[in-house]
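Worksheet: one structure, shown below.
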Amino acid sequence: MSFAKPPAATPSAPSAAPSEFDLIRRHFSRPTRHTDLAGGDDAALLRARPGMQLAVSTDMLVAGTHFFADTDAEDLGWKTLAVNVSDLAAMGASPRWAFLALALPAADEAWIAAFARGLFACADAHGVDLAGGDTTRGPLTLSVTIIGELPHGAAITRAGGRAGDELWVSGQPGLAGLGLAALRGEARLAAAGRTACLAALQRPQPRVALGLALRGIASAMLDVSDGLLGDLGHLLECSATGAIIDVGALPLAPLLATGADEALARRCLLGGGDDYELLFAAPAARRAELQVLSAQLGLALHRIGELTAEPGALWLRERDGRLVRGTPAGYDHFG
Ligand code: ADP
Ligand code: MG
């Protein structure tokens, strides 16, 4: 327990502040589906299934670094869990259990209730049990550890890509980056475009169904949290390959439709973070299956390039056929 109140100035003043345990009971206790004992004891007991491997990931969000301190609490609750669910999607794992470590500057119950609403909305959408956590006083910091399951050996890591595999990305990368630019006053967007960009930034949709469906199809995969080219760099490093990206195949038009100018749209598409789309490699022979999958899921899958044999080399093929060296931040015209 660690939500001790600071020493009271007047020891006899009645204390209306809820205890740590009141807060947890009121806001973070919910029935569970795959947990034998969740919350309230020294440890949770997870119902492990025989033959399954566990995928585990932790992500931390710090106010001022990862989000604006005045971000809507319900959106923040959603996103805190969604970014972790996305990491499991990127492995091809089914998310099951989450542990929530919270540092809160104050026991603001309205804020906590809204945060919990957003978090449980995401948990319900993906069948995740909140199985435990820790709650403490401190600068607003949100950390989730998530655990998921997958059959032994079925995980899609960053390391399995081979030269000749085609590169694909889901959905609409760049929208979240445009949303951030709009919040910072760096982009003037049309009203509908602004709404779509802010939704992408604040309510990212982890691509769990896609991640699961790609088991046995994708050779390597990761989720795009830090920007398309930057995250692609991680995949290239782990797979010891290079890549050529076809600029003409990148989904730029929907970004332009928000009202963003072309330079900003390209920057957000290639280098904007917070998208949580899946970037993956797959043998060319799987192309037709992927097109069927895209239709089944109602989720765009864009074939944006291919892996090459030269380790770490990232090239962009411009519309006129010119090859330009790519950098994690976007273009390096002098490279
Ligand atoms: P301990 O002192 O043994 O670490 P705590 O007092 O920190 O236990 O927590 C009590 C119980 O409440 C534990 O089961 C813990 O998992 C759960 N818990 C604490 N904070 C949260 C939270 N934010 N969300 C969900 N469960 C929580
Ligand atoms: Mg504790």
Side-chain angles (χ1 to χ4, degrees), residues 55-61 65-66 79 82-93 95 144-146 148 150 154-177 180 204 206-208 210-211 214-215 217-247 249-251 266-283 301-317 324-332 335:
V56 186
S57 179
T58 296
D59 250 317
M60 183 151 73
L61 301 178
T65 303
H66 299 99
K79 186 163 177 175
V83 301
N84 282 274
V85 169
S86 174
D87 279 320
L88 292 193
M91 298 295 289
V144 165
T145 296
I146 193 156
L150 71 180
I156 307 167
T157 69
R158 299 176 177 188
R162 296 288 169 263
D165 285 354
E166 294 178 330
L167 272 172
W168 298 74
V169 69
S170 65
Q172 184 53 62
L175 279 183
L180 184 61
R207 304 303 190 189
V208 176
L210 175 62
L214 288 174
R215 296 201 300 226
I217 298 178
S219 54
M221 178 155 68
L222 45 56
D223 65 331
V224 180
S225 53
D226 296 330
L228 186 60
L229 293 191
D231 284 320
L232 174 58
H234 301 312
L235 191 150
L236 300 186
E237 198 180 322
C238 293
S239 292
T241 63
I244 295 182
I245 297 295
D246 244 311
V247 170
L250 293 168
R266 284 172 79 129
R267 215 162 50 240
C268 288
L269 177 50
L270 294 173
D274 266 351
D275 284 315
Y276 305 99
E277 295 294 351
L278 294 180
L279 173 64
F280 59 95
L301 297 178
H302 308 281
R303 186 163 50 84
I304 61 168
E306 64 177 43
L307 297 183
T308 61
E310 190 189 350
L314 174 53
W315 295 97
L316 305 173
R317 189 186 291 116
V324 176
R325 192 170 277 280
T327 67
Y331 290 94
D332 175 1

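A donor-acceptor contact shorter than 3.5 Å is absent between the side chain of Thr308 and the backbone of Ala163. At distances below 3.5 Å, at least one donor-acceptor pair connects side-chain atoms of His302 with backbone N or O atoms of Gly171. The backbone N or O of Ala154 sits nowhere less than 3.5 Å from a side-chain atom of Arg215 that would complete a donor-acceptor pair. Of the possible polar contacts, none joining the Asp246 side chain to the Gly305 backbone as a donor-acceptor pair under 3.5 Å is found.
Note: Ile304 CD1 to Leu167 CG = 5.5 Å, rounded to the nearest 0.5 Å. The CD atom of Gln172 sits 8.0 Å away from the CD atom of Glu277 when rounded to the nearest 0.5 Å. Interatomic distance, Ser225 OG to His234 NE2, rounded to the nearest 0.5 Å: 7.5 Å. Rounding to the nearest 0.5 Å gives a distance of 13.5 Å between CG of Leu279 and CZ of Arg207. Here Met60 contributes atom CE and His66 contributes atom NE2; the two are 7.5 Å apart, rounded to the nearest 0.5 Å. The structure places CG of Asp274 at 12.0 Å from CG of Leu175, a figure rounded to the nearest 0.5 Å.
At a threshold of 4.5 Å between non-hydrogen side-chain atoms, the residues Thr241 and Arg162 do not count as touching. With a 4.5 Å cut-off on side-chain heavy atoms, Asp223 and Leu278 count as touching. With contacts defined as side-chain heavy-atom distances shorter than 4.5 Å, the pair Ile156/Phe280 does not qualify. Residues Arg325 and Trp315 meet the side-chain proximity criterion, which asks for heavy atoms closer than 4.5 Å. Contact of the Leu250 side chain with the Leu228 side chain is registered, since non-hydrogen atoms from C-beta on lie closer than 4.5 Å. Contact check for Leu232 versus Leu222: no side-chain heavy atoms found under the 4.5 Å cut-off. For the pair Leu88 and Val208, the minimum side-chain heavy-atom distance is 4.5 Å or more.
Of all non-hydrogen atoms in Pro204 and Ala82, the two that sit nearest each other are O-CB, 3.7 Å. Here the closest non-hydrogen pair linking Ser57 and Asn84 is O-OD1, 3.9 Å. The shortest heavy-atom contact between Gly273 and Ala176 is O-CB, 3.7 Å. Looking at every heavy atom in both residues, Ala159 comes nearest to Ser239 through C-OG, 3.3 Å. Pro173 and Pro251 get closest at one heavy-atom pair: CD-CG, 4.3 Å. Closest heavy-atom contact between Ala282 and Ala218: CB-CA, 4.3 Å.
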Fill in: Working for side-chain contact (heavy atoms from CB on, under 4.5 Å), residues Leu236 and Leu307
CA-CA 8 Å; Leu236 300 186; Leu307 297 183; 3.6 Å; yes
Item to complete: Please report the C-alpha distance between Leu301 and Leu210 in whole Å, then the side-chain angles of each, then the deciding distance to 0.1 Å, and finally whether the side-chain contact (heavy atoms from CB on, under 4.5 Å) criterion is met.
Response: CA-CA 10 Å; Leu301 297 178; Leu210 175 62; 3.8 Å; yes
